[in-house]
Amino acid sequence: MPSTSLANGSVNGNAGERADVVASSTVADDKPGVSMMEQLVPEITTHALSYLDYPSLCRLSMTNSLMRKAANDDNAWKALYHKDFTLEQDGITPVNGWKAYYATTRAIISVNTGFFNIIRERSLQEMAQLWLNSDYVKCIHASGELFSGYSEVMQSWQLCFNWEQGFDFQVHNVRTRILTDMAWVTMKAYLNVDAGPFLITNVFEYHNGRWHMVHHHSSVMLIDGVNQQVVVH
């Protein structure tokens, strides 16, 4: 037999909890056999799920069918996309939904990060695997020189990697846009915090289950009309 104070819900803030239980019971009585999650207004569910990060939302979808339905809600993934990436694409409607768009964006950003890791490690073999072996690929280094076709592009990277100095870029302001089997990424990359950034655009195409680079364009941002950056790639 519980004590009088506990039964009345007046110990350690249990009054609020008891009120929640009563409210839950009332709702359940209104719609027997329907869970609280199913009775929530969609906007409230989306707002609640917006506090979850990517791994948590994925784990939630694997708990049961109800949670899977809630976690796969397109609005929840749109909110997560805006939180983790950018608000710039608020007006678009992804062909395969926001969950797929979010996953593809993560994949593209991972490939783009890998590109800078390759530069840091000066691995010509990995750079060759990243680029699509095609005659229409293009590479414009910060020097302004254009290299066209797979062979020329690889030769240009070989020249870059022959430098004794390694390049460790700090990348910021990464923005992506995806159209089915093509994606482009824009960003600012810094070699020196005291100098201006490189403005970089990378374009990728999806072939045989992998994203391949087909275009790289790097230019030097002018500060007060002056090029303060050493052209390195």
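The figures that follow rest on heavy atoms only: side chains count, while hydrogens, waters and symmetry mates do not. Along the sequence shown, residues are numbered consecutively beginning with 1.
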K.L.:
With the 4.5 Å side-chain cut-off for hydrophobic clustering, are F204 and V95 part of the same group?
P.N.:
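No, it is not one cluster - the side chains of F204 and V95 are not joined through contacts under 4.5 Å.
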
K.L.:
Between the side chain of K83 and the main-chain N/O of L52, is any donor-acceptor distance below 3.5 Å?
P.N.:
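Yes.
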
K.L.:
Is there a path of hydrophobic side-chain contacts, each under 4.5 Å between heavy atoms of I, L, V, M, F, W or Y residues, that connects L179 with V214?
P.N.:
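Per the 4.5 Å side-chain linkage, L179 and V214 are co-clustered.
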
K.L.:
Hey, does the side chain of Q89 reach the backbone of T176 with a donor-acceptor pair shorter than 3.5 angstrom?
P.N.:
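Yes.
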
K.L.:
What's the separation between atom OG in S156 and atom CD1 in I140, rounded to the nearest 0.5 Å?
P.N.:
11.0 Å

K.L.:
Kindly compute the distance separating OG1 (T104) from CG (N96), expressed to the nearest 0.5 Å.
P.N.:
7.5 Å

K.L.:
If every non-hydrogen atom of N72 is compared with every non-hydrogen atom of S61, which pair is closest and at what distance?
P.N.:
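Scanning both residues, the minimum pair turns out to be OD1-CB, 4.4 Å.
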
K.L.:
Are the side chain of N162 and the backbone N or O of Q158 linked by a donor-acceptor pair below 3.5 Å?
P.N.:
yes

K.L.:
Would you say the side chain of L80 lies within less than 4.5 Å of the side chain of W77, judging by non-hydrogen atoms?
P.N.:
yes

K.L.:
Is the shortest side-chain heavy-atom distance between M127 and I119 below 4.5 Å?
P.N.:
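Yes; the side chains approach each other to less than 4.5 Å.
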
K.L.:
Taking it one step at a time, do M154 and F147 satisfy side-chain contact (heavy atoms from CB on, under 4.5 Å)?
P.N.:
CA-CA 9 Å; M154 288 304 102; F147 299 89; over 6 Å; no

K.L.:
Quick check, are the ring centers of W98 and Y81 under 6.0 angstrom apart?
P.N.:
yes

K.L.:
What's the spacing between E205 CD and S134 OG if we round to 0.5 Å?
P.N.:
7.5 Å

K.L.:
As a test of understanding, state which of W131, W157, W184 forms a ring pair (Phe, Tyr, Trp, His ring centres under 6.0 Å) with H216.
P.N.:
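Filter result, single survivor: W157.
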
K.L.:
Spell out, yes or no, whether I92 and V174 are grouped together once hydrophobic residues are joined by side-chain heavy atoms under 4.5 Å, including indirect joins.
P.N.:
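Same hydrophobic cluster.
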
K.L.:
So, taking the atom named OG in S148 and the one named NZ in K138, what distance separates them when rounded to the nearest 0.5 Å?
P.N.:
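NZ of K138 is found 3.5 Å from OG of S148.
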
K.L.:
Just how far is it from atom CG of D84 to atom OH of Y54, taken to the nearest 0.5 Å?
P.N.:
10.5 Å

K.L.:
Do Y150 side-chain atoms and A128 backbone N/O form a donor-acceptor pair below 3.5 Å?
P.N.:
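Yes; at least one donor-acceptor contact below 3.5 Å.
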
K.L.:
Flag yes if M182 and V137 sit in one hydrophobic cluster, no otherwise; membership is Ile, Leu, Val, Met, Phe, Trp, Tyr, and two members link when side-chain heavy atoms are under 4.5 Å apart.
P.N.:
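Yes; tracing contacts between hydrophobic side chains, which count when under 4.5 Å, links both residues.
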
K.L.:
Do any N or O atoms from the side chain of T113 and from the backbone of I109 form a donor-acceptor pair under 3.5 angstrom?
P.N.:
yes

K.L.:
What are the two closest non-hydrogen atoms of A183 and I178, and how far apart are they?
P.N.:
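Shortest heavy-atom contact: CB-CG1, 3.9 Å.
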
K.L.:
How many angstroms lie between CD1 in I200 and OG in S218, if you round to the nearest 0.5 Å?
P.N.:
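It comes to 4.5 Å.
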
K.L.:
Kindly work out whether a path of hydrophobic side-chain contacts (I/L/V/M/F/W/Y, heavy atoms less than 4.5 Å apart) joins W211 to Y136.
P.N.:
yes

K.L.:
Are M187 and F169 close enough that some pair of their side-chain heavy atoms sits under 4.5 Å apart?
P.N.:
no

